[in-house]
Amino acid sequence: MSAPTARPVRGTRDLFGEVLRRHRRVVETARSLALRYAFAEIETPILEFTDLFARSLGEGSDVVSKEMYSFTDRGGDSITLRPEGTAAVVRAAMAGSLLQLRPLKLFYHGPMFRYERPQKGRLRQFHQVGVEVLGAAEPAADVECILMGRHLLEELGLGEAVVLELNSLGNLESRRRYREVLVSYLRRREGELSPESRVRLQRNPLRVLDSKDAGDRRVVAEAPRLTDHLDEESRRFFEEVCDRLDSLGVAYRINPHLVRGLDYYTHTAFEFTTDRLGAQGAVLAGGRYDGLMAALGGPDLPGIGWAAGVERLAMLLSEAPPAPRPLAVIPVGEEAEGEAWRLAQELRRAGFVVDLAYRGRAGQRMKRADRLGCRFALSLGGDELARGTVRLRDLDSGEEREIARDELADTLLGLGAERR
RNA sequence: GCGGGCGUAGCUCAGCUGGUUAGAGCACCAGGUUGUGGUCCUGGGGGUCACGGGUUCGAAUCCCGUCGCUCGCCCCA
């Protein structure tokens, strides 16, 4: 158990059984929803050049400076296991001819990697589902993204478990101006800030706004407000997002301290949070990033999107999807073995879920069927072979009856036997 | 990177003011029942008590270190 080869890498885990089914439920629900919103699915490689993330997330960000799984490959390139999805999706859109049709609406899912201390709802290999809308400058795109996020959480039965927080960072110009005002204010009161926030002041001043430190909060409470520094365009943009959400009946709370630290984030920032996951409150979060594509050397096109943590959502599901309940085919005696296999194949071709044990007496196989959670057992021995029938046993009720082979499939369908 | 809690069977745990061969329940395997599961009965396999060191006549038990898990800080989904 403690031998290194018998245990998974810290912060990773094997997905199986109930945990995997919860995981699948989240991903499948998100995919099906994205398709309903006419988003196209994209899968990008897990490996990217390190430079992609250094440029998109910023050299000074925690993720880039200390959380990436980076290595030099045999050809001498610096490669990184992706820590998030947006940069890769934007890169892919730029690299292909995807951006001819705008706006481009994309859905993705997959594993992400960050070298952090594992915690409840936080793993080193974790999974995200996400969407990006590229090439749309209209507030309508922000609204559709938020609507989709809300819709996904509702489909997962989590509508009551989350609240939506919303803010606007304004356009690039407003944001830059506000940043200067904020920095000069914080500098004056630097002595009152926590050591962490003094570091933030250098690297990422906006992040001081959402510090949890009590002393920081006092300073922040009197800080100049971002909303007071939005220019006319930015204000109108935010108003339109809010108005449309209101008219669609989407509840939200404006949180002026909800920020994104990176330079290319603009306008809308939002987060769906829960109080049911301990320290990890954010389950689905995103925002507008009008400066990103240009920062990556592509055309200067706007973008907006969100990502959701699959593990976090999976943990919040009130119940796990049930495992399939197979049919057990049970030969009685050696002479029925061949016919049992033919029957099993016939049923599998018809779509039924069928288990056939490799060995054991009828009783042992019946026990296996029970342990596997089978709903029905189909047994056949010399008598049934002679009559062209099988014995159909309902393992929940214990009732057993004899059915003609040519009526079997219809009977099973009528009883609701599971098909895949 | 920093701090707290916890490591005894596959799982959940008892044993821990040091004292014969380390236990229970569940799970697993076999038999009772060689044409039928669940219940019941009988038997069985499973443990370097996380690892290393120390104290002691004697350590699962006390002390130290290491590793692992977990929760929080930071950061984020």
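Worth knowing before you read on, the calculation uses all heavy atoms, side chains too, and leaves out hydrogens, waters and symmetry mates. Naming convention: chains lettered A, B, ... in sequence-line order (proteins, then strands); numbering from 1 in each chain. Small disclaimer: the values here were computed from a predicted structure and weren't measured.
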Determine, step by step, whether Glu240(A) and Val143(A) satisfy the side-chain contact (heavy atoms from CB on, under 4.5 Å) criterion, reporting the C-alpha distance in whole Å, the side-chain angles of both residues, the deciding distance to 0.1 Å, and the verdict. CA-CA 9 Å; Glu240(A) 186 167 347; Val143(A) 170; over 6 Å; no

With a non-hydrogen cut-off below 4.0 angstrom, is Glu84(A) in contact with a base, only sugar-phosphate, or nothing? nothing

At 4.0 Å (heavy atoms only), tell me whether Asp213(A) reaches a base, stays on the sugar-phosphate, or touches nothing. nothing

NA contact type, Leu284(A), heavy-atom cut-off 4.0 Å: base, sugar-phosphate, or nothing? sugar-phosphate

Go ahead and name the base partner of G1(B); Watson-Crick or wobble counts if both distances stay under 3.5 Å, otherwise write none. C73(B)

Using only modelled atom types and a 3.5 angstrom limit, is any donor from either the side chain of Arg117(A) or the base of C74(B) paired with an acceptor on the other? no

Is there a Watson-Crick or G-U wobble partner for U33(B) with both distances under 3.5 Å, and if so, which one is it? none

Are there over 12 heavy-atom neighbours, none belonging to Arg387(A), within less than 6.0 Å of that residue's CZ? yes

Nearest heavy-atom approach of Val133(A) to Pro103(A) is CG1-CB, 3.9 Å

All ring-ring contact (aromatic ring centres under 6.0 Å, His included) counterparts of Tyr115(A), not counting sequence neighbours: Tyr69(A)

Closest of C71(B), G38(B), A77(B) to the Gln119(A) side chain is C71(B)

Would you mind pulling out the nucleotide paired to A9(B), Watson-Crick or G-U wobble, both distances under 3.5 Å? none

Answer for the Watson-Crick or wobble partner of G38(B), both distances under 3.5 Å, is none

Can you tell which of Val250(A), Ile146(A), Asn255(A) makes a side chain to side chain contact (heavy atoms under 4.5 Å, CB included) with Leu166(A)? Ile146(A)

Taking donor-acceptor contacts at under 3.5 Å, does the side chain of Arg312(A) reach the base of C76(B)? yes

Would you classify Ala285(A) as touching base, sugar-phosphate or nothing, given that sugar-phosphate means primed atoms plus P, OP1 and OP2, and contacts are heavy atoms under 4.0 Å? sugar-phosphate

NA contact type, Arg122(A), heavy-atom cut-off 4.0 Å: base, sugar-phosphate, or nothing? base

What is the pairing partner of U61(B), taking Watson-Crick or G-U wobble pairs with both distances under 3.5 Å in any strand? none

Treating primed atoms plus P, OP1 and OP2 as sugar-phosphate and everything else as base, which nucleotides of nucleotides 27-36 of chain B get B, S or - for protein heavy atoms under 4.0 Å? -SSSS--SBB

Heavy-atom donor-acceptor pair, Ser211(A) side chain to Val208(A) backbone, under 3.5 Å: no

Starting at CG of Asp210(A) and ending at P of C74(B), how long is that distance when rounded to a whole Å? 10 Å

When the C1' atoms of U33(B) and U42(B) are considered, how many whole Å apart are they? 13 Å

Provide the distance between the two C1' atoms, one in C6(B) and one in A50(B), to the nearest whole Å. 12 Å

When every non-hydrogen atom of Met366(A) is compared with those of Ala377(A), the smallest separation belongs to SD-CB, 3.7 Å

Using both distances under 3.5 Å as the test, list the Watson-Crick or G-U wobble partner of U48(B), or none. none

Taking all non-hydrogen atoms of both residues, which atom of Gly297(A) and which atom of Arg55(A) are closest, and how far apart? N-NH1, 4.2 Å

Rounded to whole angstrom units, what separation is found between the CG atom of Leu378(A) and the C1' atom of G37(B)? 14 Å

Counting the atoms with a prime plus P, OP1 and OP2 as sugar-phosphate, which does Gly130(A) contact under 4.0 Å by heavy atoms, base, sugar-phosphate, or nothing? nothing

Does a nitrogen or oxygen in the side chain of Arg200(A) sit under 4.0 Å from OP1 or OP2 of C75(B)? yes

Hey, does the side-chain of Arg207(A) have a donor or acceptor N/O within less than 3.5 Å of a partner on the base of C76(B)? no

Which value, in whole Å, describes the distance between the P atoms of nucleotides U55(B) and C71(B)? 38 Å

I'd like the C1' distance from C49(B) over to C41(B), given in whole Å. 32 Å

How about His109(A) and His127(A): are their ring centroids closer than 6.0 Å? no

Leu169(A) to Thr266(A) - nearest heavy-atom pair and separation: CB-C, 4.3 Å

Please report the distance, rounded to the nearest Å, between CZ in Phe126(A) and C1' in C75(B). 11 Å

So which atom in Arg288(A) and which in Pro302(A) form the shortest heavy-atom distance, rounded to 0.1 Å? NH1-CB, 3.6 Å

Just how far, in rounded Å, is C1' of C69(B) from CZ of Arg124(A)? 13 Å

When rounded to the nearest Å, what value does the distance between P atoms of G25(B) and U39(B) take? 16 Å

Rounded to whole Å, CZ of Phe376(A) lies from P of G37(B) at a distance of 18 Å

Candidates C69(B), A77(B), G38(B) - which lies nearest the side chain of Asp370(A): G38(B)

Whole-angstrom distance between U61(B) and G15(B), as gauged at atom C1': 9 Å

Looking only at atom P, what distance separates G44(B) and U8(B), rounded to whole Å? 26 Å

Both distances below 3.5 Å, Watson-Crick or wobble geometry, any strand: find the nucleotide opposite A22(B). none

Between A22(B) and U48(B), how far apart are the C1' atoms? Round to whole Å, please. 14 Å

Within 6.0 angstrom of Arg25(A) CZ, more than 12 heavy atoms from elsewhere: no

Over all heavy atoms of both residues, which pair between Met68(A) and Pro83(A) is shortest? Give the atoms and the distance, please. SD-CG, 4.0 Å

Which parts of nucleotides 41-46 of chain B does protein reach within less than 4.0 Å, heavy atoms only, written one letter per nucleotide 5' to 3' as B for base, S for sugar-phosphate only and - for none? ------

Starting at atom CE of Met315(A), determine the distance to atom P of U70(B), rounded to an integer number of angstrom. 11 Å

Tell me: CG of Leu316(A) to P of A77(B), nearest whole Å? 16 Å

note: Glu196(A), atom CD; C74(B), atom C1'; distance rounded to Å ~ 7 Å

Contacts of Asp394(A) and Ala307(A) projected onto RNA chain B by closest heavy atom; the upstream (5') one is Asp394(A)

Of Gly398(A) and Glu116(A), the one whose closest nucleotide on RNA chain B sits nearer the 5' end is Gly398(A)

